[in-house]
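This is the structure I want to talk about, given as structure tokens.
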Amino acid sequence: MQNPKIAKVAVPGPFLFPLDYLLDAEQDLLTTDCATEIKAVVGGRVWVPFRNKKVIGMVMEISESADYELSKIKPIEEVIDIEPLFDATQLGLLNWASQYYHEPIGDVMLAALPKRLRAGENAEISGMQYWQLSAEGRSKTLEDISRRALKQRRVFAQFLDQKLKSESDLNAELENWRSAVKTFTEKGWLETAHGPCLRESNYAPAPNHTLNDAQKSAVDAVLESQQIQKRFQAFLLEGITGSGKTEVYLGMIESMLKQGKQVLVLVPEIGLTPQMVSRFEAFLQTRVAALHSNLNDSERHCAWHLIRTGQIQVLLGTRSAVFTPFKNLGLCIIDEEHDLSYKQQEGFRYSARDLMVQRAYREQIPVVLGSATPSLETLHNAKTGRYTHLHLKQRAGVAKLPSLKLLDIRGEKIQEGVSRPLKTAMTQHLQAGGQALLFLNRRGFSPVLMCHDCGWQAACPSCDANMTFHMISGQNADGTVAGYLQCHHCDEQMAKPHSCPSCASEEFVNVGQGTERLEETIKEWFPDKKVLRIDRDTTRLKGSMAELTGIAQRGEADILIGTQMLAKGHHFPNVTLVGLLDIDQGLFSADFRAAERMAQLILQVSGRAGRAEKAGEVLIQTHHPDHPLLTTLIQQGYDAFATKALQERQDALLPPFKYQILIRAEATHPNDGMLFLESLKAGLQNYWQQWQEAKMVEADIDFWGPVSAPMLRRQGRYRYQLMLQSLNRGDLHRLISEMQPHIYNSPLSRKVRWSIDVDPQEMY
DNA sequence: CCGGCTCTCATC
DNA sequence: ATGAGAGCCGGA
């Protein structure tokens with residue numbers, strides 16, 4: 001008998017390599033008369049027996065030789081895909097990701113598939129569920145609905161165009177539409193219908209656009225590389241806010257479409273994808289597929305399928321879209337490449353940005369990384385010539401750049417976080433008819449609730465952190481603020497204690513400012529102005545973010561107060577003053593990336609101002625007006641700041657000049673994580689020692705720690721970390737690869753939750 | 001003396 | 001991961 005064929009199948013579980021399964025040659029012989037023998041294909045899914053149950057797996061390879069005892073190898077149970085879902089290049093990327101991030105191959109495979117395909121559903125999808133007007137519904141008008149049923153009227157109005165509506169269509173236009181849709185369905189005005197994935201769609205009219213010279217030469221640079229050389233090249237497109245990066249993307253995409261190629265565009269997770277899709281569709285006059293968190297499973301499946309089969313040419317998606325298989329991919333674009341949401345922070349901790357560059361390299365196509373404030377890693381790649389650096393230095397159209405100024409608040413009597421000069425500036429700008437935006441990256445009323453008599457502070461029972469005091473609006477029982485306590489690290493909530501648990505005093509003070517308190521203060525100061533607070537608490541409901549930013553953009557609010565979420569993406573053309581209240585944490589943090597983040601945030605928030613013809617003013621309150629990084633940023637701009645910050649990184653031998661891998665461990669027992677990491681460190685060092693002796697080389701790997709995480713206890717778990725750092729990425733990976741199987745076998749590893757974080761971005 | 005419960009271990 | 005099997009205490 002000839003050698004049986006072995007399928008190498010990636011299955012979920014702690015396996016760094018695929019497992020062996022028989023391709024079932026026997027059955028092949030028995031059923032030769034059956035012309036349509038179903039064979040597993042490389043890149044397709046199969047059901048395989050695993051222990052005593054059936055699990056899903058991905059065939060990574062078909063081989064003549066087994067890596068496992070032949071008698072123990074079981075046959076594949078059922079073939080799901082007759083055609084591959086992933087081609088060799090894409091499988092290569094998944095394999096690379098598994099090895100680079102030290103993540104089990106089966107888990108990488110699962111992360112690369114939409115949920116429904118993970119569950120074994122057919123890759124082909126004929127369509128999805130929609131709602132539409134029934135015959136009866138078509139005879140109705142808005143007048144047939146009670147004047148008082150506002151929500152019902154608004155929902156019904158959406159259907160008057162007679163078109164099919166999917167869940168995300170309705171999500172994009174309405175909030176809390178489900179109950180109204182249910183009512184209409186029960187009444188028989190609406191009916192559910194099964195419609196195709198690809199619907200005809202009418203786009204907004206194409207904008208009458210012309211690219212300016214800078215934009216045009218950026219487009220040309222990328223297109224030339226693609227047309228002439230047809231190979232991989234990475235570009236950093238650095239363009240200040242308002243310089244028209246999106247037009248540059250669209251210019252490139254337009255040309256790719258003419259060549260019949262597809263384009264993958266990654267965007268951060270900020271809920272702006274639907275708006276961006278409409279903008280892309282209007283410009284390109286073609287359908288654009290989207291993959292983001294607001295879609296349900298069948299909508300995702302549809303988008304995935306349309307891209308894979310080449311029915312749609314452009315995909316706009318968040319992090320996980322980087323894995324989508326394309327029929328004919330020609331260009332990759334990453335917008336806001338410095339954004340942290342590209343790094344998955346749990347489980348399979350990949351960077352979609354880095355994977356995208358790797359993907360483009362493997363596909364031999366260009367990749368464009370766009371940002372107004374590029375990450376130091378990317379800038380370093382540009383400075384060393386690995387990436388081609390393209391600049392957009394001017395705001396497109398008539399928009400002017402805002403002026404940035406530092407406000408020295410040392411010794412300044414600060415009323416509720418806002419200095420006198422800032423208050424004066426607010427008054428002036430409001431009088432001149434502009435809007436003011438105050439940025440404070442701390443939600444809630446106050447970050448600390450303290451006993452006035454003994455100094456006791458309300459702490460979270462499960463974390464090493466204070467509970468944030470949140471106000472209950474409108475209630476003011478006895479002059480004190482009514483509210484509750486909430487931990488921002490584990491979301492645990494509790495009532496404000498009636499009296500101090502330590503000294504029984506009933507008097508508490510709120511220490512520090514959050515956005516709620518700031519809102520109170522500002523309302524008192526400017527009683528005739530409309531104040532709008534935009535943070536996670538005021539935008540909890542679906543659609544409310546769009547509603548609030550709409551109010552702000554239409555000029556129906558005078559003063560905007562916001563956290564981080566206000567800093568990204570939204571344009572407020574009438575905002576002429578931006579005040580940043582508290583950015584000093586960024587200057588002296590234990591995290592070496594804090595200054596970089598602070599600079600990116602300052603410029604992002606500044607970018608909200610003066611986008612129309614009005615020039616904006618940006619005032620930054622600080623206790624450290626002489627801090628070299630801060631003054632460089634303000635006086636000379638981001639590039640000068642970045643050069644300086646990169647120099648500091650080089651002097652301190654930190655990324656991007658050294659490579660890091662962080663091993664985390666956490667457990668409910670206070671010391672288990674520490675013990676685990678200590679024994680792991682001993683093993684790693686021992687192995688490293690032997691390796692150096694055997695190879696007669698001196699290689700450098702630094703071991704930092706193990707130390708407790710910046711916040712030792714979080715959600716009741718004690719957390720520790722061990723940092724490995726090296727000038728040589730290969731050495732670092734080799735060391736981890738060799739040790740990883742031992743970690744799985746270590747008895748301590750079962751008591752702790754551990755993870756390997758390659759190129760860690762955040763310490764927390 | 002048996003069931004239950006932690007600990008251990010392999011999974012192709 | 002995760003569920004099955006091995007090794008150790010209470011019920012009457």
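Each chain gets a letter, A, B and so on, in the order the sequences are listed, and its residues count up from 1. The figures that follow rest on heavy atoms only: side chains count, while hydrogens, waters and symmetry mates do not.
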Let me know which of A:Gln692, A:Lys658, A:Gln725 forms a side chain to side chain donor-acceptor pair (under 3.5 Å) with A:Asp700. A:Lys658
Among residues 91-119 of chain A, which contact DNA chain C at a heavy-atom distance under 4.0 Å? none
Where does the chain A footprint on DNA chain C start and end, counting 5' to 3' with a 4.0 Å heavy-atom cut-off? C:dA1 to C:dA4
A:Ile62 side chain reached by A:Ile6 side chain, heavy atoms, under 4.5 Å: no
Contact list for residues 719-744 of chain A, test ring-ring contact (aromatic ring centres under 6.0 Å, His included), sequence neighbours left out: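 Passing the test, one end in residues 719-744 of chain A: A:Tyr100-A:His733, A:His102-A:His733, A:Tyr744-A:Trp754.
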Quick check: are the SG atoms of A:Cys302 and A:Cys197 less than 2.5 Å apart?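 Their SG atoms fall under 2.5 Å; a disulfide, then.
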Could you identify which residues of residues 51-74 of chain A place a heavy atom less than 4.0 Å from some atom of DNA chain C, listed by residue number, or say none? A:Arg51, A:Asn52
Applying salt bridge (Lys or Arg N to Asp or Glu O under 4.0 Å) as the test, list every pair that has at least one member in residues 725-740 of chain A; sequence neighbours left out. A:Arg729-A:Asp759, A:Asp731-A:Arg734
Determine whether the side chains of A:Ser589 and A:Asp591 contain a donor N or O and an acceptor N or O closer than 3.5 Å.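 Checked: A:Ser589/A:Asp591 side chains show no N/O donor-acceptor pair below 3.5 Å.
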Listed by chain and number, what are the salt bridge (Lys or Arg N to Asp or Glu O under 4.0 Å) partners of A:Asp87, not counting sequence neighbours?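 With sequence neighbours excluded, A:Asp87 shows a salt bridge (Lys or Arg N to Asp or Glu O under 4.0 Å) to no residue whatsoever.
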Identify the 5'-most and 3'-most nucleotides of DNA chain B with at least one atom closer than 4.0 Å to a non-hydrogen atom of chain A.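 From 5' to 3', the first and last contacting nucleotides are B:dA10 to B:dC12.
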State which residues pass side chain to side chain donor-acceptor pair (under 3.5 Å) with A:Ser375; sequence neighbours excluded, sorted by chain then number.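 So A:Ser375 forms a side chain to side chain donor-acceptor pair (under 3.5 Å) with A:Glu337, A:Arg353, A:Thr378.
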Listed partners of A:Cys460 passing disulfide bond (SG atoms under 2.5 Å apart), at least two apart: none
Identify, with sequence neighbours excluded, every residue that meets side chain to side chain donor-acceptor pair (under 3.5 Å) alongside A:Asp20.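 Here the qualifying residues are A:Lys8.
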Set of disulfide bond (SG atoms under 2.5 Å apart) partners for A:Cys332, sequence neighbours left out: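 Partners of A:Cys332 under the disulfide bond (SG atoms under 2.5 Å apart) test: none.
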Please name all residues satisfying side chain to side chain donor-acceptor pair (under 3.5 Å) with A:Gln311, sequence neighbours left out, ordered by chain then number. A:Thr309
